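We use all heavy atoms of the structure for the numbers below, so side chains are in, but hydrogens, waters and symmetry mates are not. Fair warning: this is a prediction, and the values are worked out from it, not measured in the lab.
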Amino acid sequence: LFAYAIPAHYMTLIVPFDGSKLSEAALIRAVQFETVLEEEVVAVSVIPKNNTEYARERGWIDETEPFDAETVVSHLEKTVAERAPEATFQQIFVDRHAPRGTISNRIRRFARDHDASIVFVGSDNAGRMVRGITVGASVAGDRSYDTMIISNEILPEIEKLEEEHPAEEA
C-alpha cells in the first residue's frame, strides 16, 4: 500500500465589512465560527475611489474631511482590528462611479478567490427578505460558499459559540 499526504486545504470565513454595526456583528459571528471551525477570518471592504459622499455616509471620514484613501483604509482596518484582532483585513478599490452591482461582484469574486466556506453578510438591509438586499442578494446567490445573513446588531446567543468566544468580549 502506498501512503501519501493530502495537502491541507484551508477555507476562509469572509466578512464584507463597511463599518456598520451589522457588519461589526457579522465580523464577531465569523470570529465565533473561526474558533470552532479553525478557519481564517478575512474582512474585506470595497471602497469607491474618491467618493467623498459615500465615505461620509458610512462614517469613514468626518463631514469636513476630503476623501483620502489612506484615511479610509486606516479607519476600516482599525475597526476590524478592535473587533477581531486575529482577522485579516483587505480592501478593494473600485471606480468612484462604479455601476450598480460592482461592489457585490467584487465581494463574490473575492470570496471565490479566497476559498470561502461561509460569507457573513451584515448590512442595514439584511433584516428584509434576502431578495431585497442589493449586495446581499448577489453575494448570497453564489453557490460556491454558504452565506450567513446577520440581521441583528445584538447577536442571539448560540451556546457552543459563546463557550468558545463570547460575543461580548468582542
Revision key, fill the gap. Interatomic distance, CG@Leu27 vs CD@Glu82, rounded to 0.5 Å, equals 11.0 Å
Check your understanding: What's the verdict on side chain to side chain contact (heavy atoms under 4.5 Å, CB included) for Ile150 and Val121, showing C-alpha distance, side-chain angles and the deciding distance?
Key -> CA-CA 6 Å; Ile150 305 302; Val121 177; over 6 Å; no
Check your understanding: Taking side chain as C-beta onward, heavy atoms only, is Val119 less than 4.5 Å from Pro16?
Key -> yes
Exercise for review: List the atom of Phe110, the atom of Ile14, and the distance in Å for their closest heavy-atom pair.
Suggested key: CE2-CD1, 3.8 Å
Point to revise | 4.5 Å side-chain heavy-atom contact, Val73 and Phe93 | key: yes
Review point. Closest approach of Val41 and Ala30, non-hydrogen atoms and distance?
Key: CG2-O, 3.6 Å
Point to revise | Which atom of Leu22 lies closest to which atom of Glu153, heavy atoms considered | key: CD2-N, 3.4 Å
Point to revise | Gap separating the CZ atom of Arg83 from the CD1 atom of Ile28, nearest 0.5 angstrom | key: 6.0 Å
Exercise for review: Report yes if the side chains of Val94 and Arg106 come closer than 4.5 Å at any heavy-atom pair, otherwise no.
Suggested key: yes
Practice item. Using the side chain to side chain contact (heavy atoms under 4.5 Å, CB included) rule, take Gln91 and Glu77 through it: C-alpha gap first, then chi angles, then the decisive distance, then the call. Key: CA-CA 9 Å; Gln91 72 278 345; Glu77 189 169 31; over 6 Å; no
Review point. Given the side-chain rings of Phe17 and Phe89, with only the six-membered ring counted for Trp, is the space between their centroids under 6.0 Å?
Key: no
Check your understanding: Could you state the interatomic distance from CD (Glu57) to CG (Asp18), rounded to the nearest 0.5 Å?
Key -> 11.5 Å
Check your understanding: If you count the non-hydrogen atoms of other residues, nucleotides and ligands that lie under 6.0 Å from CD in Glu53, is the total more than 12?
Key -> no
Exercise for review: Answer whether the closest heavy-atom distance between the side chains of His75 and Thr79 falls below 4.5 Å.
Suggested key: yes
Exercise for review: Determine, for Tyr54 and Arg56, whether the Lys NZ or Arg CZ falls below 6.0 Å from the six-membered ring centre while staying within 45 degrees of the axis.
Suggested key: no
**Study point:** Heavy-atom pair with the smallest gap, counting every atom of Asn152 and Ala25
**Key:** O-CB, 3.9 Å
Review point. Nearest 0.5 Å, what's the CD-CD1 distance between Glu39 and Ile118?
Key: 6.5 Å
Check your understanding: Hey, is the main chain of Arg96 close enough, under 3.5 Å, to the side chain of Asn51 for a donor-acceptor pair?
Key -> yes
Practice item. Compare all side-chain heavy atoms of Phe120 with those of Leu13 and state whether any distance is below 4.5 angstrom. Key: yes
Check your understanding: Going from CG on Asn105 to CD1 on Ile92, what distance comes out if it is rounded to the nearest 0.5 angstrom?
Key -> 11.0 Å
Point to revise | Point-to-point distance, once rounded to the nearest 0.5 Å, from CZ of Arg108 to CZ of Arg112 | key: 5.5 Å
Point to revise | 4.5 Å side-chain heavy-atom contact, Thr52 and Ile61 | key: yes
Revision key, fill the gap. Heavy-atom nearest pair, Gly122 first then Ala26, reads N-CB, 3.9 Å
**Study point:** Heavy-atom check, side chain of Phe33 versus side chain of Val31, under 4.5 Å
**Key:** no
**Study point:** Note, Thr88 side chain near Glu40 side chain (heavy atom, < 4.5 Å)
**Key:** yes
Check your understanding: Can you name the closest pair of heavy atoms from Trp60 and Val46 and give their distance?
Key -> CH2-O, 3.9 Å
